[in-house]
Amino acid sequence: NFTIQNTNSELKRMFREVFDEYDQMQQRYDHDTDHSTVIEEQKKWNKIIQHELDLLKAYEGDYVTIQFR
């Protein structure tokens with residue numbers, strides 16, 4: 001829950017959480033594809049990436065709304 005007092009710390013926490021998830025996935029990708037040099041693994045990852053992007057379509061937009069309580 002966001003409050004005026006904790007907005008900055010909550011945003012930092014959320015960023016760290018997302019960045020850690022990104023970093024783990026990037027490491028898996030690099031390991032599986034040997035930095036995109038293993039063609040068959042790259043094809044699998046292309047499908048994984050497209051699926052993940054499709055899941056995010058609901059969040060497309062130019063703004064974010066934060067509700068304070």
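Computed over heavy atoms, backbone and side chain alike; hydrogens, waters and symmetry mates excluded.
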Asp23: partners by side chain to side chain donor-acceptor pair (under 3.5 Å), with sequence neighbours left out: Gln27

Those residues that, when tested against Gln24, pass side chain to side chain donor-acceptor pair (under 3.5 Å) (two or more places apart): none

Those residues that, when tested against Glu17, pass side chain to side chain donor-acceptor pair (under 3.5 Å) (two or more places apart): Arg13

Hphob cluster co-occupancy, Ile4 + Val64, side-chain heavy atoms under 4.5 angstrom: yes

Residue pair Thr3 / Asn6, side-chain donor-acceptor N/O under 3.5 Å: yes

Set of residues satisfying salt bridge (Lys or Arg N to Asp or Glu O under 4.0 Å) with respect to Arg28, sequence neighbours excluded: none

Thr37: side chain to side chain donor-acceptor pair (under 3.5 Å) partners, not counting sequence neighbours: Asp34

With Lys12 via salt bridge (Lys or Arg N to Asp or Glu O under 4.0 Å) - residues at least two apart: none

CD/Glu21: more than 12 non-hydrogen atoms of other groups inside 6.0 Å: no

Residue list, ring-ring contact (aromatic ring centres under 6.0 Å, His included) with Tyr29, at least two apart or on another chain: Trp45

Give the table of side-chain donor-acceptor pairs shorter than 3.5 Å for residues 48-60, with sequence neighbours excluded, one pair per line with atom names and distance.
from	atom 1	to	atom 2	distance (Å)
Gln50	NE2	Asp54	OD1	2.9

Partner set under salt bridge (Lys or Arg N to Asp or Glu O under 4.0 Å) for Glu40, not counting sequence neighbours: Lys43

side-chain contact (heavy atoms from CB on, under 4.5 Å) involving Glu41 - partner list, sequence neighbours excluded: Asp32, Thr33, Val38, Lys44

side-chain contact (heavy atoms from CB on, under 4.5 Å) partners of Phe15, counting only residues at least two apart: Phe19

